[in-house]
Amino acid sequence: MKSVKLTKTLLIVAVAILATVAFAAEEGAAAGSSLAAIGKGLAIGLGLLGTGMAQTAIGAAAVGAVAEDRRNFGTALIFFLIPETLAIFGLAFSFLIN
């Protein structure tokens, strides 16, 4: 079960990296600009991938906690939104890459 999950995760990362390289390759593009485009794509893509992986476990636990006691909704929502900072940081770092 764990090897299947690991295989799927590695496949998603490989597709994200290869898609970034494919979209960054333009005709006549300088090497520096294409590498910057790859870096921007990886910053955003891997940040979103990490966010999604973190929110899968947190979301399941949050739904269970809210199902037991509705007063846990605020706490569960805060814990569910904390991984979103990875996506925001990835977007911010992509603007810093020249």
Side-chain angles (χ1 to χ4, degrees):
M1 181 76 171
K2 284 205 173 234
S3 68
V4 173
K5 188 174 182 180
L6 179 65
T7 304
K8 287 182 182 179
T9 304
L10 290 176
L11 182 64
I12 290 170
V13 170
V15 168
I17 291 172
L18 292 176
T20 304
V21 171
F23 286 124
E26 296 177 359
E27 288 186 40
S33 66
S34 63
L35 290 177
I38 291 171
K40 289 179 181 185
L42 287 175
I44 295 172
L46 294 177
L48 292 174
L49 183 66
T51 298
M53 291 176 66
Q55 284 184 342
T56 56
I58 295 171
V63 169
V66 171
E68 287 183 13
D69 187 7
R70 293 183 56 86
R71 291 180 291 161
N72 292 333
F73 179 74
T75 305
L77 184 64
I78 289 171
F79 283 128
F80 186 72
L81 293 177
I82 286 174
E84 285 294 324
T85 58
L86 288 173
I88 295 169
F89 288 151
L91 183 64
F93 290 145
S94 72
F95 286 125
L96 296 175
I97 297 173
N98 287 329

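Excluded from the calculations below are hydrogen atoms, water molecules and symmetry mates; all remaining heavy atoms, backbone and side chain alike, are included. Remember, predicted model here, so these are calculated numbers, not experimental data.
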Can you tell me how far apart OG1 (T56) and NZ (K5) are? Round to the nearest 0.5 Å. 5.5 Å
Would you compute the distance between atom CZ of F79 and atom CD1 of I58 and round it to the nearest 0.5 angstrom? 8.5 Å
Would you say F95 and F89 are hydrophobically clustered, going by side-chain heavy atoms of ILVMFWY under 4.5 Å? no
Consider only side-chain heavy atoms of I, L, V, M, F, W and Y, link residues closer than 4.5 Å, and tell whether L42 and L35 are in one cluster. yes
Donor-acceptor pair, distance only, cut-off 3.5 Å: does the side chain of N72 make one with the backbone of V66? no
Pairwise distance OG1(T9) to CE(M53) - rounded to 0.5 angstrom: 4.5 Å
Candidates T75, I82, L81 - the one meeting side chain to side chain contact (heavy atoms under 4.5 Å, CB included) with I78: I82
d(T7 OG1, I12 CD1) to nearest 0.5 Å is 11.0 Å
List the atom pairs, with distances to 0.1 Å, where a side-chain N or O of residues 43-50 and a protein N or O form a donor-acceptor pair under 3.5 Å, not counting sequence neighbours.
none

Nearest-0.5 Å distance that lies between atom CD1 in I38 and atom CD1 in I97: 11.0 Å
Backbone of P83 reached by a side-chain donor or acceptor of Q55 within 3.5 Å: no
